[in-house]
Structure formats: C-alpha cells, structure tokens
Number of protein chains: 2
Amino acid sequence: MDVDLRKLRYFVAVAEELHFGRAADRLHIAQPVLSRQIRALENELRAQLFVRTKRATELTPAGRQLLDDARPLLAAADATRRRVAQAARGAKTFTIGFMPGLTVTSVVRRFAAANPELEVEVVRTTWDDQVEVLHDGRVDVSIVRLPIDQAGLVLRPLFEEPRVAMVPADHRLAGKPSIDITDLADEHLLQDPDAVPEWRDIALELRSGHPRAVPVLHSVEEKLEHVAAGNGISIVPQSVADFYHRPDVSTLPVNDLAPNKVALAWIATRRSRLIHSFADLATAADWAPRPGRRA
Amino acid sequence: MDVDLRKLRYFVAVAEELHFGRAADRLHIAQPVLSRQIRALENELRAQLFVRTKRATELTPAGRQLLDDARPLLAAADATRRRVAQAARGAKTFTIGFMPGLTVTSVVRRFAAANPELEVEVVRTTWDDQVEVLHDGRVDVSIVRLPIDQAGLVLRPLFEEPRVAMVPADHRLAGKPSIDITDLADEHLLQDPDAVPEWRDIALELRSGHPRAVPVLHSVEEKLEHVAAGNGISIVPQSVADFYHRPDVSTLPVNDLAPNKVALAWIATRRSRLIHSFADLATAADWAPRPGRRA
DNA sequence: CGTCCATAATACCTTCAGGGTATTACAGCC
DNA sequence: GGCTGTAATACCCTGAAGGTATTATGGACG
C-alpha cells in the first residue's frame, strides 16, 4: 500500500548514478539486492522506472517524475525525524541559518528575549546548503542570499546590498576608487559564472571556448585564499568583503553590478507561531551594513 | 535509518483515535501488532510518542510534533504514487479542481488548446476536500473558495463575489429585494457557523446556549434539499445560487456580508511550467459571474 | 472487598521481505 | 573466441510484521 522510503532512497541513488553497481556501492549493499529492490519498486508502482539496455541505464518519464518527487519526500522525512528528536529532547530549540557576512546577533537576541523558554541556535550556511538545511530540518528559518531554488519555500525579502570585487592586493586594479564590470572581462572568476551574469556575458575566457576550471570552493575563507594566491578574483556581497577582510586582498566597488538580495526563507508546509514572529522581527530589523573596516 | 511510512500511518491512526483497539480496527490489524509497531517506532525515533495510562492514551509533545509532520508527509507520498502512475500511463494529464458554482470551461478550453498534447481533466471538489485533493495529488491545481488552510500552498487570488441567503420559497423573507444579516438572527444556519462570522456573532440560537445541530452536508444539492424542506437556511456565493436554482428555494441578497474570495491554489513544492501557464490564463480570464437565471 | 471489564502488553508461532554469496546471461571489445 | 563489464537469477539466512492466546492492571460495581 505505502511506498517504502528505503526503496525510494535506493531509487534515487540508481537514478543519480545510472549504474546499479556504483549505486549499490554508494548504498553499501550488494548489487543483486539493489536490482531486486528496484524491480520490486517498479512492481509496486506498476510503472517501469528505468530502461535497461545491456550497456546503459536510463530513466523513463515515470522515473523522472518519481525522481522529482522522491527527493523532497526524503528530505521531508529527514526533517520529521529531526523535529521529533528535538521535541523529545524536551528543550525547545529554534535554529536560524544565515549566510556569511550577515550579522544576525541583534535579531537573534531580540527573538531569544521574546521567547525565554526557547533555546535559540544559529547555523552558518554556505551557497551549497542554504536551501538544503531548510528542507532537511536542520534549521527552522534561514537568511538566504538570492537567487535560490524557491520550490517549497516562503520568502520574505529583507534588504539588498551592493556586490564588490575581491582582487589580490598587488592586482593592477587594486586601490582604484571603483571599476566597471568590463574591467574584469579578462579576469578569471572563482565561482559559478551564472552567479554573476553581468560578468558571464562579457567574459573573455568564456567567449574563447576554453574556460578555465573553477575549483570547488565551499567557504568564503577558501575563496579568499585562492584570491590572495593570485588564482583569480571573486565577486561577493559588500558585507562579506567587510567581514572577511585580509591585508593581501583588496576590495573594489563595481559599477553596473546588480545588488545581492537577502531574504528570510522557511518551509511552506510549516505553520508555526515562532517562525512568523521571527519573520516579523527580521523584517523590522535594521539591516543596514555595518561600517566597513576598509574605511 | 529511514522512518517507515506504514508505521507512520499506524501512528496517525492511534494519535487520532487515542485508543489502540479502535485504531487497530480501523487499520484492519490486530491490536497487539499495533502496540508492537508503535513501540518499535518509538524506539527508532528514540522518542516517547504516547503516555499510556491504564485508562487513557495521550500524545507527548514529541507525538504532537510527529502528528503535525506525519500527515503532510503521508499525503505527499500518496501524491507521488499518483503522479508516477500517471506518468507511467503515458498520457500526460493535467487535472483542475474547482468548487461548485465556478465555471471553468472557458479557461480550461483555452488551456487545452494551448497544450494539445495534454489530456485535461476537471474534478468538482467540495468544501471538505478542496485542499485535500491538492495535497494527495488528485489535482494539479484547484480553484478554491477562501478561507482555506494555506499551509504548503501557493495562492493566486482570482476574484470576489457577493454571498446570498437561500431560504425556502414560502419563507417570510422570500421575495424581498434585499435583507440585512440581522434579519437572519433567529434562523437556523445549515453550515459551520464559523463560515459566516457575521451571522455567528448575532445568532440567537448560539447565544441561547442551545445551538441546534447542523447536519453533515457534503454537497450543495444536499444543502438545498434541507433548505427546501424547511430545516433551515444557507449562505452561499452568488454563483452557487445562480447555478443550483430550484423553484422551491428563493435567493436573497444580504447586506453587510463579506464577499467570497476565489483563488487558484497549488502545491508550493511543485514547480511546473504547466501550473504557471494555467495560473496566468486563470488570472487573465474574465471571471465576472454569468447573468443569473433568477433575472 | 471480590469480581468483572476494558485495555494494553507479553509470549509464541508463521510467513515473507530484505540482506548476502555464487553464478549466469548477454552485449561489446580486442 | 575469449575477455570484460553489467545486470539478472538462484539459493540461503535472518529478522520484521502479521496472527492468536494469554496476562497484567486499573477502574467500575455489586
């Protein structure tokens, strides 16, 4: 009658690997078991999920539909476990995620004061997991930097802030009062080009057909390390530049760069007095960037 | 590792019945099995879900949290099954729910014309299931009458329409050009008083402390049957009155009655080109009530 | 106060799903 | 034609989920 979440997890692994053997390794089970479980799932759902040719494994339309649905479903199940565990621990906690550079202390302090029975936690997120932490229940609300995948979320805009370029201190542009985005056309950007469409559209290295590889960087610190080492430049929100200041990296205001939008996000299916009261506090708060250390 | 949806369903049954025996009956399993499964669930989650005194069964805080999460989770699982089954059937269908009185044909026709590869279905909903059909995947979008439980949904307002009173044709007020809500203070209303707060706040029968029972009515037709039989009166949106017209029931415009709001709703976690294109069509459509047959 | 009743838990059995290993079937490649 | 990579098949074993019979226990009641 009910789908089995274990089988769903198996299915997602196979759908992502498109290879039974590798998926089985990832799941730490034997390959024949996985084959059998997927077969069973297909029977239960009365739907073929994969086309297995001897040489390749592909998703059917039904499989694609299931993959779309299975991921949020599994995330919701994880979130449920987390929330129950927390409720059982007795101590009611409320966890707030936030992206680097954002200063949440004042809002958090006011929220904690208004809810003294609550244990209020904060979690620093990254680009990769700022949405994930919401879906899997690690945080109750998260202060995110747009753009994000908004599916299943409620967003409340908080403020906008300019974005600036971070270059090595000995860079030819370092020290200029401001630059145009076109000045960066022949630079190497240490992040996903889509995050800065203004640069992507003019970048020489992308037009040359030989884009340089972008290392996978999960934190601002790592990114700055690469900038300082002269491996490239980076575009970050003003507050990030202010917060993660280091002498061997210079900050440059850039004209014609759309500001970064910051919003509060939470799961649309959840309805909680606490979430709404936090949202109201956050909306009312003064998010003006603190005076930068650069000044 | 993963929670078992079967156990979750069992849990919900027990949480709703607060009685292992009755819950077991409802689930068509033996009571000891149910006791054991709930125990197992409690162990897996490392959380006590019920306090079992010899005489009563109560939810713990963790149990309440789980109940809140389990219901949408199970609904999402159902919806997944439905959508996969549909995708497997090959014929891509798009299903639109709508409440009584609403005329969706023109929008549906235009949507079907714009998506000829699609099989477009319509489903009439009721007050009870207009939200449920969205959560369990029976429809892709639904045209709902507010107020509804908006958790997990995206709403797009479409239009508003006045509400009118339906009374027996031989009622003392029948035939009046219009009445005030106060004229109905000593009438019996055949619906949930909270649906018409203007009446609830003045109703004599509610102030007397001896409210008459409201029969459980699932369709407009049943409601009108009761009205015609003289068992009470009913407040409905104008378009419902126009559509379900019968000679032994009269329609009365009522002053000081907030209009009924109609909106398009869909599941917040879903992101589909089709849903958005339907939403745009629906927003652009002319929803002005058709000329009533009463005229 | 003893008996009965209602209710959940315990004991014990049976079946079958899910895990494992060994092996086979089959397509492509050298 | 043998070799390799890949999924499926065959077969076994364990444990979870279902069932029935019974027990423990607190409340109701004569």
Side-chain angles (χ1 to χ4, degrees), chain A residues 1-60 62-64 66-67 70 73-74 77 81, chain B residues 1-60 62-64 66-67 70 73-74 77 81:
Chain A
M1 189 67 227
D2 275 316
V3 285
D4 181 352
L5 290 190
R6 192 188 322 116
K7 292 205 184 81
L8 268 198
R9 214 174 277 282
Y10 290 178
F11 165 78
V12 171
V14 177
E16 282 175 0
E17 301 284 347
L18 290 177
H19 188 291
F20 280 76
R22 278 196 298 276
D25 281 352
R26 198 172 112 185
L27 296 166
H28 304 113
I29 59 171
Q31 166 265 318
V33 175
L34 184 55
S35 289
R36 187 147 33 93
Q37 295 291 29
I38 297 295
R39 261 302 137 85
L41 181 61
E42 288 181 324
N43 289 339
E44 282 166 27
L45 297 175
R46 285 181 224 298
Q48 196 179 343
L49 300 172
F50 296 101
V51 269
R52 303 133 162 105
T53 66
K54 268 293 148 202
R55 217 60 199 165
T57 302
E58 298 262 320
L59 279 168
T60 62
R64 274 191 294 278
L66 182 60
L67 185 58
L73 197 61
L74 291 170
R81 286 183 65 91
Chain B
M1 186 70 227
D2 276 316
V3 285
D4 182 351
L5 290 189
R6 191 186 327 113
K7 292 206 184 80
L8 269 198
R9 213 175 279 283
Y10 290 178
F11 164 78
V12 170
V14 177
E16 282 175 359
E17 300 285 347
L18 290 177
H19 189 289
F20 281 75
R22 277 196 299 276
D25 282 352
R26 198 172 111 182
L27 297 165
H28 303 112
I29 59 170
Q31 167 266 318
V33 176
L34 184 55
S35 289
R36 187 146 35 91
Q37 295 291 30
I38 297 294
R39 263 300 139 89
L41 181 62
E42 287 181 324
N43 289 339
E44 283 167 28
L45 296 175
R46 287 181 224 296
Q48 196 179 341
L49 301 172
F50 295 101
V51 269
R52 305 134 163 101
T53 65
K54 270 294 150 203
R55 215 61 198 165
T57 302
E58 298 260 321
L59 278 169
T60 63
R64 273 190 295 276
L66 182 59
L67 186 57
L73 197 63
L74 291 170
R81 288 182 64 92

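In this text, all values refer to a predicted model and were calculated from it rather than measured experimentally. Only heavy atoms go into these numbers, but all of them, side chains included; no hydrogens, no water, no symmetry mates. Protein chains get the first letters and strands the later ones, always in sequence-line order, with residue 1 at the start of each.
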Would you give the length of the straight line joining atom [atom1] of [X] to atom [atom2] of [Y], rounded to the nearest 0.5 angstrom?
X	Y	atom1	atom2	result
B/Leu27	B/Gln37	CG	CD	10.5 Å
A/Arg39	A/Gln48	CZ	CD	8.0 Å
B/Leu73	A/Leu5	CG	CG	6.5 Å

**Request:** Heavy atoms only: give me the nearest B/Leu67-B/Ala15 pair and the separation to one decimal.
**Result:** CD1-CB, 3.9 Å
**Message:** Please find the pair of heavy atoms, one from B/Thr57 and one from B/Leu18, that lie closest to each other, and give the distance.
**Reply:** O-CD2, 3.3 Å
Between [atom2] on [N] and [atom1] on [X], what's the gap in Å once rounded to a whole number?
X	N	atom1	atom2	value
B/Glu58	C/dT7	CD	P	15 Å
B/Arg52	C/dA9	CZ	C1'	9 Å
B/Ile38	C/dT7	CD1	C1'	15 Å
A/Asn43	C/dA17	CG	P	11 Å

**Those residues of residues 12-27 of chain A lying under 4.0 Å from DNA chain D by at least one heavy atom** = A/His19, A/Phe20, A/Gly21
**Prompt:** Just by protein heavy atoms under 4.0 Å, how would nucleotides 9-23 of chain D read 5' to 3' in B, S and -?
**Reply:** B-------BBBBB--
**Prompt:** Any side-chain heavy-atom pair from B/Phe50 and B/Thr60 closer than 4.5 angstrom?
**Reply:** no
**Prompt:** If you write DNA chain D from 5' to 3' in dot-bracket form, with Watson-Crick or G-U pairs under 3.5 Å, [ ] for crossing pairs and | for pairs with another strand, what do you get?
**Reply:** ||||||||||||||||||||||||||||||
**Item:** Selection residues 13-40 of chain B - residue pairs positive for ring-ring contact (aromatic ring centres under 6.0 Å, His included), sequence neighbours left out
**Value:** none
**Prompt:** How would you list, by chain and number, every residue that makes a side-chain hydrogen bond (donor to acceptor under 3.5 Å, both in side chains) with B/Glu16, sequence neighbours excluded?
**Reply:** B/Arg26, B/Arg71
**Message:** If the cut-off is 4.0 Å, is B/Thr57 near the phosphate of C/dT7, judged by side-chain N/O to OP1 or OP2?
**Reply:** no
**Prompt:** In chain order, what residues pass the ring pair (Phe, Tyr, Trp, His ring centres under 6.0 Å) check against B/Tyr10, with sequence neighbours excluded?
**Reply:** none
**Request:** Check A/Lys7, A/Arg9, A/Arg6 against B/Asp2 for a side-chain hydrogen bond (donor to acceptor under 3.5 Å, both in side chains) and give me the one that passes.
**Result:** A/Arg9
